[in-house]
There are 2 protein chains.
Amino acid sequence: MTVTRRAQHVADTRDALVKAARELFAERGYAATGTEEIVARARVTRGALYHHFRDKKALFQAVMNDVAAEAAEALVTHELRYAQDQPGEPWDQLRHGFQSFLDVCTTGDFQRVVLIDGPAVLGPGAWDQLVDEHGHGLLAEWLRKAMANGEIDELPVAPLARLLAALISEASMFTARAEDPDAARREAGQVVDRVLQGLRRTEA
Amino acid sequence: MTVTRRAQHVADTRDALVKAARELFAERGYAATGTEEIVARARVTRGALYHHFRDKKALFQAVMNDVAAEAAEALVTHELRYAQDQPGEPWDQLRHGFQSFLDVCTTGDFQRVVLIDGPAVLGPGAWDQLVDEHGHGLLAEWLRKAMANGEIDELPVAPLARLLAALISEASMFTARAEDPDAARREAGQVVDRVLQGLRRTEA
DNA sequence: AACATCAACATACAGCTTGTATGTCACGGG
DNA sequence: CCCGTGACATACAAGCTGTATGTTGATGTT
């Protein structure tokens with residue numbers, strides 16, 4: 001067996017650390033979470049933590065990647081299924097994808113970890129890295145395609161993708177913190193959709 | 001004299017605290033700035049700090065209000081002058097205002113303090129409060145007016161204002177962290193303007 | 001004018017937290 | 001079979017925040 005049992009144990013403790021940290025970071029935020037709580041929940045000691053990660057920030061980085069990867073994967077599979085079920089125009093897929101993106105962002109973990117603490121802990125540019133790494137180069141890709149098809153106006157893709165992502169992120173925050181989440185979700189979705197519609201090709 | 005000299009000294013130390021904290025928070029971020037550095041720069045002791053502010057977060061709150069108020073004021077005066085110089089259509093003023101907003105957000109202090117550390121330190125909802133307090137209820141006002149004039153489509157104003165503010169905030173981050181800030185500023189401005197244009201009333 | 005009082009600080013202290021240095025033990029190769 | 005090394009656990013040092021206590025100068029009172 002190439003993968004020894006010991007190696008499994010190692011991976012297991014690492015995963016336990018990331019999982020415990022994720023729960024606590026999402027619940028109380030990065031600053032308010034002590035390493036002691038994390039290792040207690042993971043049922044290891046701080047020694048294990050500092051063996052696997054250089055410092056607390058590195059652990060947070062791992063958690064953030066975890067959350068982002070999960071969200072990206074959920075979005076992709078969701079959209080792939082939709083595209084299969086209903087092979088319509090790319091435009092409709094883009095609209096649908098935006099709404100799905102909104103729903104994905106509205107999960108609690110994503111909000112607190114990626115949107116709130118991420119930039120503060122890892123400095124600005126944390127987003128850039130995430131964006132580059134976890135595929136919403138995907139988003140840029142979609143936009144490029146839509147432009148090539150003449151469905152939306154030509155615009156610099158890089159800033160457009162980032163601004164739209166920020167738009168949706170904020171929409172998710174708005175939704176989550178509203179008194180009436182369902183109503184807020186509808187309103188936010190409506191606004192997002194309208195903004196996207198506004199980008200459609202203006203008939204020359 | 002109703003305002004005694006002692007009172008001036010008190011206000012002076014408080015201002016010195018806020019100013020020193022603002023510089024350091026903007027430069028190194030909230031978490032990386034110790035209270036000792038702050039009071040050293042303000043040439044007082046930590047006792048003074050904890051006399052004027054309940055804790056470090058309260059000081060940050062004051063700094064954030066300071067930065068936000070300054071930005072809001074700059075924006076307003078700028079726009080008022082523009083409106084006076086060139087009393088055109090409200091639509092043009094809205095477009096111009098967005099670009100000004102972008103420029104205001106691009107100042108270093110605003111980025112780090114309000115956009116990055118603000119939500120993380122004071123929790124989400126810090127934005128809501130700022131938005132409500134420092135007038136970009138102004139923004140909502142403009143939008144309402146533009147809708148009433150039939151210049152842009154009817155949409156829920158609250159989410160629209162927040163999403164547009166987030167859009168511009170992200171545009172400013174994009175601009176500031178780009179290799180070529182000037183080019184990035186142009187691209188970001190172009191995208192923002194295009195999004196805004198997209199909201200114009202669709203001829204029924 | 002002497003005195004009490006209180007605000008505006010300064011100083012000293014206690015507790016918590018992070019990171020590191022050191023120790024231990026099991027596993028795995030030679 | 002034994003020794004080295006990785007994977008932890010433990011113990012320690014340093015820094016930071018918040019609080020409790022001390023001090024001083026202004027201010028109001030009689």
Side-chain angles (χ1 to χ4, degrees), chain A residues 1-25 27-64 113 117-118 120-123, chain B residues 1-25 27-64 113 117-118 120-123:
Chain A
M1 46 168 149
T2 81
V3 48
T4 166
R5 168 158 289 133
R6 181 182 174 90
Q8 288 183 354
H9 290 168
V10 173
D12 181 58
T13 59
R14 205 199 116 102
D15 289 351
L17 280 171
V18 172
K19 187 182 175 196
R22 173 172 172 166
E23 292 171 6
L24 290 167
F25 286 161
E27 187 178 342
R28 307 180 202 172
Y30 175 82
T33 302
T35 54
E36 202 71 54
E37 303 175 82
I38 297 172
V39 298
R41 180 169 296 210
R43 287 180 306 176
V44 294
T45 64
R46 287 171 21 95
L49 197 165
Y50 281 90
H51 177 72
H52 281 279
F53 302 94
R54 190 162 42 79
D55 54 9
K56 196 183 166 191
K57 275 160 71 172
L59 174 58
F60 177 82
Q61 176 101 278
V63 170
M64 184 164 162
V113 174
D117 280 336
V121 174
L122 305 177
Chain B
M1 48 168 148
T2 81
V3 50
T4 166
R5 170 157 289 132
R6 180 180 173 89
Q8 287 183 355
H9 290 168
V10 173
D12 180 59
T13 60
R14 205 198 115 104
D15 289 350
L17 249 4
V18 172
K19 188 182 174 197
R22 173 172 171 166
E23 292 170 6
L24 289 167
F25 285 161
E27 188 179 340
R28 307 181 203 172
Y30 175 82
T33 302
T35 54
E36 201 71 53
E37 302 175 82
I38 297 173
V39 298
R41 179 168 296 208
R43 286 179 306 175
V44 293
T45 64
R46 287 170 25 90
L49 196 165
Y50 281 90
H51 177 72
H52 282 279
F53 302 93
R54 190 163 42 78
D55 54 9
K56 195 183 166 191
K57 274 160 72 172
L59 174 59
F60 177 82
Q61 177 101 276
V63 169
M64 185 165 161
V113 174
D117 281 335
V121 174
L122 305 178

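Side chains included, hydrogens not; waters and symmetry mates left out as well; all remaining heavy atoms used. So you know, we letter chains A, B, ... as the sequences are listed, proteins then strands, and number each from 1.
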After noting the C-alpha distance and the side-chain angles of A:Lys57 and A:Gln61, does the key distance pass the side chain to side chain contact (heavy atoms under 4.5 Å, CB included) rule? CA-CA 6 Å; A:Lys57 275 160 71 172; A:Gln61 176 101 278; over 6 Å; no
Enumerate the protein-to-nucleotides 18-23 of chain C contacts in which both atoms are nitrogen or oxygen and the separation is below 3.5 Å.
{"from": "C:dT18", "atom 1": "OP1", "to": "A:Thr35", "atom 2": "N", "distance (Å)": "3.4"}
{"from": "C:dT18", "atom 1": "OP1", "to": "A:Lys56", "atom 2": "NZ", "distance (Å)": "3.3"}
{"from": "C:dT18", "atom 1": "OP2", "to": "A:Thr35", "atom 2": "N", "distance (Å)": "3.2"}
{"from": "C:dT18", "atom 1": "OP2", "to": "A:Thr35", "atom 2": "OG1", "distance (Å)": "2.8"}
{"from": "C:dG19", "atom 1": "OP2", "to": "A:Tyr50", "atom 2": "OH", "distance (Å)": "2.4"}
{"from": "C:dG19", "atom 1": "OP2", "to": "A:Lys56", "atom 2": "N", "distance (Å)": "3.4"}
{"from": "C:dG19", "atom 1": "N7", "to": "A:Arg46", "atom 2": "NH2", "distance (Å)": "2.3"}
{"from": "C:dG19", "atom 1": "O6", "to": "A:Arg46", "atom 2": "NH2", "distance (Å)": "2.8"}

Base, sugar-phosphate or nothing for A:His9? Non-hydrogen atoms, less than 4.0 Å. nothing
Hey, does A:Leu59 have a side-chain heavy atom less than 4.5 Å from the side chain of A:Thr35? no
Rounded to the nearest Å, what distance is computed from the CZ atom of residue B:Phe60 to the C1' atom of nucleotide D:dT17? 17 Å
If you draw a 6.0 Å radius around CZ in B:Arg54, do more than 12 non-hydrogen atoms from other residues or ligands fall strictly inside? no
Nucleotide C:dG28, atom C1' - distance to CD of A:Gln8 in whole Å: 16 Å
Pairwise side-chain contact, B:Phe53 with B:Val18, heavy-atom cut-off 4.5 Å (strictly under): yes
List the steps, then state whether side chain to side chain donor-acceptor pair (under 3.5 Å) holds for B:Arg28 with B:Thr33. CA-CA 6 Å; B:Arg28 307 181 203 172; B:Thr33 302; 5.5 Å; no
Candidate nucleotides D:dT10, C:dA10, D:dA7, ranked by approach to the side chain of A:His51 - the nearest: D:dA7
Can you list everything that forms a salt bridge (charged side-chain N to carboxylate O under 4.0 Å, His left out) with B:Arg14? Sequence neighbours excluded, please. none
With a 4.0 Å limit, can you tell me whether A:Thr13 has a side-chain N or O closer than that to the phosphate oxygens OP1/OP2 of D:dA7? no
